[in-house]
Amino acid sequence: MGLPIVAIIGRPNVGKSTLVNRLTGAMDAIVHDEPGVTRDRTYRPAFWGDREFLVVDTGGLVFEDDTEFLPLIRQQVMTALAEASVAVLVVDGQTGPMAADVVIAEWLRQQPLPVLLAVNKCESPQQGLIQAAQFWELSLGEPYPVSGIHGNGTGELLDELVSYLPATTDVPEDKAINVAIVGRPNVGKSSLLNALTGEARSIVSPISGTTRDAIDMVIERGDRIYRLVDTAGIRKKKNVDYGPEFFGINRAFKAIDRADVVLLIIDAVDGVTEQDQKLAGRIAEEGRACVIVVNKWDAIEKDSYTIYDYTKQVKDRLNFIEWAEMIFISATTGQRVEKTLDLVNVAVEQHQRRVSTAVINEVLQEATGWHSPPATRQGRQGKIYYGTQVRSQPPTIALFVNNPQLFKDNYRRYIEHQFRQGLGFTGTPIRFLWRGKKAREVERGGPNRATRV
């Protein structure tokens with residue numbers, strides 16, 4: 001059984017996301033002085049006393065306007081309300097009751113769940129009581145004066161809120177595989193999330209930049225749990241203004257940093273762009289496992305050679321992550337969507353994999369047997385004494401050599417190729433640490449007596 005849900009609802013720009021950050025104790029929700037920053041519904045864990053619950057932040061609710069994203073935001077709010085055990089209507093204590101507040105309150109009174117009234121922006125405890133008193137007219141019970149910025153009054157609100165929540169016991173340890181869905185704007189990230197979850201979890205629109213926050217969702221397949229994180233489309237830095245999109249892109253980069261596996265979404269029609277290459281570089285730099293997902297494959301005219309030619313083009317242009325598996329899907333039709341998770345499983349297993357020192361040295365012995373380390377014009381030849389894996393996530397292998405400077409990029413790439421050919425490591429980067437003799441002597445406190453492989 002999942003944690004109970006608390007839905008935070010209100011008209012635009014009343015400080016819902018600020019209050020969510022206060023209630024959850026994390027600065028995860030994007031906060032910006034502009035209406036309509038939050039569009040999708042985002043879930044954050046919280047606790048108070050002996051209760052654990054999820055707080056769902058929603059977009060600004062507007063009933064009388066059907067322009068742009070507003071109908072889709074309404075749908076997201078209604079879905080959040082259907083899942084919730086209790087709702088919190090957030091209003092602005094500085095403006096007083098507005099017509100939109102009255103409409104939302106009337107609608108909430110018709111819903112079959114308890115509703116609490118949080119009067120936000122009451123920064124002064126004394127003045128806050130006067131500000132909150134104006135909202136008795138909404139007929140939703142006692143208005144609680146709170147400050148999402150300073151935290152005033154949130155304890156009283158939470159005391160009342162948890163009285164409507166069931167006690168939670170035996171909450172299982174979170175063993176979910178974190179999967180970040182990243183890519184340029186409008187490549188189908190939200191469509192893929194919706195296809196995997198089987199619901200309209202994220203708003204999908206042909207307008208670039210629809211997703212602003214990092215939208216997460218937990219799904220189960222067999223005995224595996226996945227936390228899918230849909231992120232804002234990442235554009236070139238020069239095209240991004242300071243504001244919601246700027247914060248959303250920062251969230252996307254943080255999602256990459258936290259991920260076990262990154263799904264890099266490529267638009268099959270547009271092909272690999274310069275921005276896709278930069279994202280691939282970021283994934284490799286962070287040492288994340290990766291699956292390349294070519295979306296909108298149904299829109300491509302094909303013959304028997306198309307998939308092979310396209311694969312080569314993508315691999316050539318995304319040489320930073322040539323080790324990543326690739327899959328061709330259509331998020332809108334569902335074609336091969338579920339098989340994406342099979343590749344995620346392989347990538348995460350290889351990312352966490354450990355190989356014994358004996359096996360590593362067998363690979364090194366074979367590699368140096370086929371192709372000896374290079375020698376300088378003065379006759380100094382590189383020597384690899386032995387290797388061992390020092391960590392995983394990503395797999396990191398220390399190679400102990402006489403002088404790292406004797407091993408140029410070509411030979412280092414050859415060694416990595418031999419490791420991949422011999423040991424696999426599909427879907428994950430491998431890092432090599434080339435350690436010289438002097439460094440080893442310092443570590444061991446004396447001369448090195450290791451024998452050569």
Side-chain angles (χ1 to χ4, degrees), residues 4-38 41-61 77 80-81 84-109 111 113-165 213:
I5 292 173
V6 176
I8 307 297
I9 293 171
R11 61 181 174 83
N13 216 31
V14 294
K16 296 184 297 298
S17 295
T18 305
L19 184 59
V20 166
N21 286 341
R22 176 62 60 179
L23 297 179
T24 60
M27 299 298 290
D28 287 334
I30 294 176
V31 177
H32 190 64
D33 189 16
E34 174 186 314
V37 171
T38 302
R41 63 190 198 275
T42 61
Y43 296 76
R44 315 291 181 201
F47 69 90
W48 186 253
D50 63 347
R51 299 290 197 271
E52 294 186 60
F53 52 96
L54 294 176
V55 178
V56 54
D57 188 14
T58 62
L61 185 58
V77 173
L81 205 63
S85 300
V86 59
V88 176
L89 172 60
V90 183
V91 294
D92 188 334
Q94 295 182 3
T95 66
M98 305 288 285
D101 297 324
V102 174
V103 172
I104 296 171
E106 184 179 348
W107 176 67
L108 285 174
R109 287 198 300 271
Q111 306 306 313
L113 81 167
V115 179
L116 300 181
L117 180 57
V119 183
N120 195 25
K121 305 185 184 179
C122 294
E123 323 304 352
S124 165
Q126 293 76 24
Q127 188 66 22
L129 293 172
I130 300 172
Q131 292 173 309
Q134 305 173 79
F135 290 89
W136 280 101
E137 67 178 68
L138 298 184
S139 301
L140 287 174
E142 180 181 356
Y144 288 85
V146 299
S147 170
I149 294 176
H150 301 299
N152 302 340
T154 52
E156 290 80 359
L157 176 66
L158 285 164
D159 286 341
E160 180 66 16
L161 187 153
V162 297
S163 68
Y164 295 98
L165 301 180
D213 216 331

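Worth knowing before you read on, the calculation uses all heavy atoms, side chains too, and leaves out hydrogens, waters and symmetry mates.
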Separation between [atom1] of [X] and [atom2] of [Y], rounded to the nearest 0.5 Å:
X: Trp48; Y: Leu157; atom1: CH2; atom2: CG; value: 9.5 Å
X: Lys16; Y: Asn21; atom1: NZ; atom2: CG; value: 12.5 Å
X: Ser85; Y: Leu165; atom1: OG; atom2: CG; value: 6.0 Å

Q) Testing Ile9, Val90, Val20 for side chain to side chain contact (heavy atoms under 4.5 Å, CB included) with Thr58, which one passes? A) Ile9
Could you work out, with side chain to side chain donor-acceptor pair (under 3.5 Å) as the rule, every residue matching [X], not counting sequence neighbours?
X: Asp101; result: Arg11
X: Asn152; result: none
X: Glu160; result: Tyr164

For [X] and [Y], work out which heavy atoms get closest and say how close.
X: Ala7; Y: Leu81; answer: CB-CD1, 4.4 Å
X: Pro114; Y: Val86; answer: O-CG2, 3.5 Å
X: Leu140; Y: Ala105; answer: CD1-CB, 3.7 Å
X: Gly128; Y: Cys122; answer: CA-CB, 3.7 Å
X: Pro143; Y: Trp136; answer: CD-CE2, 3.4 Å
X: Phe135; Y: Asp92; answer: CZ-O, 3.4 Å

Okay, side chain of [X], backbone of [Y]: is any donor-acceptor separation there less than 3.5 Å?
X: Gln134; Y: Gln131; value: yes
X: Thr24; Y: Ala46; value: no
X: Arg22; Y: Thr154; value: no

Side-chain heavy atoms of [X] within contact of [Y], under 4.5 Å:
X: Val56; Y: Ile8; value: no
X: Arg109; Y: Val115; value: no
X: Ile149; Y: Glu123; value: yes
X: Val6; Y: Leu23; value: no
X: Leu161; Y: Tyr144; value: no
X: Asn120; Y: Val14; value: no

Q: Given side chain to side chain contact (heavy atoms under 4.5 Å, CB included), test Leu138 with Val102 step by step and report yes or no.
A: CA-CA 6 Å; Leu138 298 184; Val102 174; 3.9 Å; yes
Q: Step through the shown structure and confirm whether more than 12 heavy atoms of other residues, nucleotides or ligands are within 6.0 Å of CD on Gln94.
A: yes
Q: With side chain to side chain contact (heavy atoms under 4.5 Å, CB included) as the test, would you mind laying out the steps for Leu89 and Trp107 before giving the verdict?
A: CA-CA 11 Å; Leu89 172 60; Trp107 176 67; over 6 Å; no
